[in-house]
Amino acid sequence: MASFSAATVPQNLTFSSSNKLSFSLPPSSSSSSHFLSFPTSQPTLTTRLITSHQTPRAHAPPSASAAESSTSSFHGLCYVVGDNIDTDQIIPAEYLTLVPSNPDEYQKLGSYALIGLPASYPARFVQPGETKTKYSVLIAGANFGCGSSREHAPVALGASGAAAVVAESYARIFFRNSVATGEVYPLESEGRLCEECSTGDVVTIELAESRLINHTTGKEYSLKPIGDAGPVIEAGGIFAYARKTGMIPTR
Amino acid sequence: MAFTCSPFITCKKDLCFFSFHDHSASFIITDEKCKKTTSKKIVSVVSPHKNKRNPSSAAGSRKTPMTVTEKILAGASEKSEVKAGENAWVNVDVLMINDITCPGVSATFKKEFGNTAKVWDREKIVVIPDHYIFTNDERAHRNVDTARDFCTEQDIKYFYDIQDRTNFRANPDYKGVCHIALAQEGHCRPGEVLLGTDSHTTSAGAFGQFATGVGNTDAAFILGTGKILLKVPPTLRFVLDGEMPNYLLAKDLILDIIGEISMSGATYKTMEFVGTTIESLSMEERMTLCNMVVEAGGKNGIVAADQKTYQYLEDKTSAPFEPVYSDEKARFLAQYRFDVSKMEPLVAKPHSPDNRALARECSNVKIDRVYIGSCTGGKTEDFMAAAKVFLASGKTVKVPTFLVPATQKVWMDLYTLEVPGSGGKTCSQIFEEAGCDTPASPSCAACMGGPKDTYGRLNEPKVCVSTTNRNFPGRMGHKEGQVYLASPYTAAASALTGFVTDPRKFF
């Protein structure tokens, strides 16, 4: 699986030069080897499609190696939501018939990201008629992504072009799905950024420094270290991580 | 009857671990502050089935006391012990996939393991169409077709298919709502690890197993390997003691708990339910309890297996299983005690499951409809409970009352089982006399809205009392719909008055 930072990024997102993030890997699993034999396909060269947002992330070919360098920062407009934003608000149930592995439907899912938010949110996350959002970073309160386990939720956010979510806290299935798919980077803030930032503020996230800078207000905030999910995100999702740690054979 | 709201909850919420002195096979709780001592011992059941687990995981050979969840995960990861917070590769006993997730799961499976890859074990996967079935939505039909193709290709043993949507009874394999089907078909067994592509997979914890929901990618990984990387959760213990009043159901208990600890009160944690009240609950009631742990953020819910569990399973499975129990000195993150005899019927008001309120304090809320269904409140006993209220009242409903049995079996029960005290009437007869809608085709239906033509869907901003599990904005369809979560008793009582109503009115 390609690392999360490739492919669908909005045009206003810029990257600083990538540094390899150093996460310490957990000790390798001590379970007995349970290698499965799969037909091995030709590893394809992954091109970092940093400026293009044509290729849907879900369709990106898997990383040939884990030695790729990773993103170290996100920059762009932020969109702010409150507490307990459940997955029905992120992607209402009526859209779950869209299958993410189909490129057209993947794009469509992106266009519906956060369409379930009530009318009290004046700005739409994705404008009617558009498939991509102009916001790079979603800032949220507590318990983001609660409710249903639908993986369509982080997929819709990723497909819309959002790069990262910065929430006060997450519901576990949403967090897990974000990590497993690599669709959005799930960061945790120290404190309630949803009260400090407003939709439309320009922000930068420096991953290596666990820092968020709000250029509009001039304030900076610490982010929590990614923790155990780090190695999985770093590897590029659960499959890449499993290959890296020898749980399943490399392709 | 006078009901005071005296504090009946004591909570030890220390953040440090403390040990809970208890016998592993009984729930005798000694607490100086607690007036009543408790329970009859749970029979330490000798399972007639063979021990199929690795002997090194059996109780007694471990050094550190563990909770039941820790024990199950230790056994499943082939370790002698695990600690809360530890990551482990866990063997999966059963993987459940439903119709809306199967296409995504199988696509990821093929992408990652290859187009000709085979699933790890064709007998450990259960594919259950249930979410978007009785609809004209072509893409919903496509989901089931895709699932069928995949199951055929992989020779999946358990695929509860439906092809004739005009008549669910013409489909011998079709079951209905996945979590109820899993239980009724004997796929839920004590001591095992069951994962499903649906958040309410936690329902199966009622069988003394580890059960939780996962997304498509995790499920695809399990399909290929039979394993998943899990972080061992710490356990919150909920002690419910006291005789269950006749106007309360498990739904009231869990609404109270969620209201008490909030929607994120159990995030990443196990919710373990013990106490005399829990012991008195039927299996279906235990499923209702465990079903909604996810609404508190819980990773899994669990009720220890006992005689009731074995009786339920007797005619459903002959697979061997080994029940597991929390150790005497297992450590819990926190313990909450509830005196059930003092509880009252509750609702969760719009728009969150922790927005707890007494039903009797919402009696001025005019409603537009009642919905009785879903994995949470659409089981046979849920309908029996509703029928009891209609019977006691003898009147007809004031608002459209939608009934959606969870599975084919439940539907059959509505038409065949006699309601006690009714002089031989079935639920369906009582519902008809009360003016409810005819019980609909079994599926998830409007619990989560679904395609626009879904039966019972809120297509307008109406007020609905529902036996379902969530009431976030737009959950049942319309963004401005107002959903009050309630027990089947409360739902039926509300249907009879046209307002949110405490069921004691009819008892």
Side-chain angles (χ1 to χ4, degrees), chain A residues 1 26 29-32 34 36 38-41 58-59 62 83-89 92-94 96-102 105 116-119 142-143 146-155 169-174 176-177 180-182 228 232 237-239 241-242 247-248 251, chain B residues 77-79 87-89 100-101 103-104 107-108 111-117 120 131-132 137 139-140 142-143 146 196-199 201 212-218 220-221 224-227 229 231 263-264 267-268 294-295 297 299 352 448-452 470 472-475 477 479-480:
Chain A
M1 180 178 280
S29 168
S30 60
S31 60
S32 58
H34 181 68
L36 304 151
F38 303 108
T40 48
S41 54
H59 236 49
D83 297 320
N84 299 317
I85 301 296
D86 74 295
T87 49
D88 273 276
Q89 293 180 72
E94 64 194 279
L96 297 186
T97 48
L98 295 167
V99 180
S101 53
N102 177 315
E105 297 185 16
L117 286 175
N143 205 21
C146 60
S148 156
S149 59
R150 61 193 69 158
E151 201 172 87
H152 298 73
V155 169
S169 62
Y170 291 93
R172 65 162 285 270
I173 305 181
F174 177 87
R176 232 195 126 85
N177 286 344
T181 57
D228 289 339
V232 181
I238 186 65
F239 282 95
Y241 176 75
M247 195 64 206
I248 59 179
R251 300 180 68 167
Chain B
S77 54
E78 296 166 42
K79 296 182 178 181
N87 288 300
W89 285 104
I100 53 171
T101 50
T108 303
K111 184 185 121 190
E112 295 294 342
F113 293 110
N115 276 319
T116 56
W120 104 96
H131 272 60
Y132 298 165
D137 187 316
R139 284 205 297 257
R142 185 184 67 172
N143 284 342
T146 306
T197 55
D198 188 272
S199 57
T201 307
T212 194
V214 290
N216 293 356
T217 301
D218 275 327
F221 187 89
T225 63
K227 289 180 193 290
L229 185 62
K231 192 176 210 171
M263 270 173 46
S264 52
T267 301
Y268 283 101
V294 64
E295 268 54 79
K299 185 156 181 163
S352 78
M448 48 171 336
K452 292 213 161 65
R470 296 195 182 115
F472 299 119
R475 172 69 181 175
K479 262 193 231 183
E480 271 95 63

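To find a chain, count down the sequence lines: A is the first, B the second, and so on, and within it residues start at 1.
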Chemist: Using 0.5 Å steps for rounding, measure from the OG atom of A:S149 to the CG atom of B:D218.
Modeler: 10.5 Å

Chemist: For B:A220, is it the side chain, the backbone, both, or neither that has a heavy atom closer than 4.5 Å to a heavy atom of chain A?
Modeler: both

Chemist: When you compare the side chain of A:L96 with that of B:H131, does any pair of heavy atoms fall below 4.5 Å?
Modeler: no

Chemist: To the nearest 0.5 Å, what is the distance between CG (A:N102) and CZ (B:R142)?
Modeler: 6.5 Å

Chemist: Where is the tightest heavy-atom contact between A:I248 and B:F113, given as atom of each residue plus distance?
Modeler: CD1-CE2, 4.1 Å

Chemist: Measure B:T201 against the heavy atoms of chain A and call it side chain, backbone, both or neither at under 4.5 Å.
Modeler: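 For B:T201, no heavy atom lies under 4.5 Å from chain A.
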
Chemist: List the steps, then state whether side-chain contact (heavy atoms from CB on, under 4.5 Å) holds for A:M247 with B:T225.
Modeler: CA-CA 9 Å; A:M247 195 64 206; B:T225 63; 5.9 Å; no

Chemist: Could you pull out the closest heavy-atom pair between A:I173 and B:S199, with the gap in Å?
Modeler: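 Nearest pair, atom of A:I173 first, then B:S199: CD1-CB, 4.0 Å.
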
Chemist: Taking side-chain contact (heavy atoms from CB on, under 4.5 Å) as the test, write out the residues that go with B:K479, two or more places apart.
Modeler: none

Chemist: Checking B:Y132 against chain A: side chain, backbone, both or neither under 4.5 Å from a heavy atom?
Modeler: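 For B:Y132, the contact with chain A is made by the side chain alone.
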
Chemist: Under 4.5 Å between any side-chain heavy atoms of B:K231 and A:D228, yes or no?
Modeler: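 Heavy-atom side-chain distance check passes, below 4.5 Å.
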
Chemist: Taking side chain as everything from C-beta outward and backbone as N, CA, C, O, which of these in A:F174 sits under 4.5 Å from a heavy atom of chain B? Side chain, backbone, both or neither.
Modeler: neither

Chemist: Output the option from A:T87, A:N84, A:V232 having the highest count of non-hydrogen pairs under 4.5 Å with chain B.
Modeler: A:N84

Chemist: Heavy atoms only: give me the nearest B:F472-A:C146 pair and the separation to one decimal.
Modeler: CZ-SG, 4.0 Å

Chemist: Counting only non-hydrogen atoms closer than 4.5 Å, does B:N143 touch chain A with its backbone (N, CA, C, O), its side chain (CB onward), both, or neither?
Modeler: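 Side chain only.
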
Chemist: Give a yes or no on whether the backbone of B:T217 and the side-chain of A:E151 come within a donor-acceptor separation of less than 3.5 Å.
Modeler: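 Judged by distance alone, yes, a pair lies under 3.5 Å.
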
Chemist: Taking all non-hydrogen atoms of both residues into account, name the closest pair between A:S101 and B:A107 and its distance.
Modeler: OG-CB, 3.3 Å

Chemist: Under 4.5 Å heavy-atom distance to chain B, tell me which part of A:L98 shows up: side chain, backbone, both or neither.
Modeler: both

Chemist: Identify the heavy atoms of B:V294 and A:G147 that sit nearest to each other, and give their distance.
Modeler: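 Between these two residues, the closest heavy atoms are CG2-O, 4.4 Å.
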
Chemist: Work out which heavy atom in B:T267 is nearest to a heavy atom in A:R172; give both atom names and the distance.
Modeler: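 Minimum heavy-atom contact is CG2-N, 4.4 Å.
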
Chemist: For A:D88, give me all partners under side-chain contact (heavy atoms from CB on, under 4.5 Å), at least two apart in sequence or on another chain.
Modeler: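 In terms of side-chain contact (heavy atoms from CB on, under 4.5 Å), with neighbours along the sequence ignored, A:D88 is linked to A:D86, A:A93, A:R150, B:R475.
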
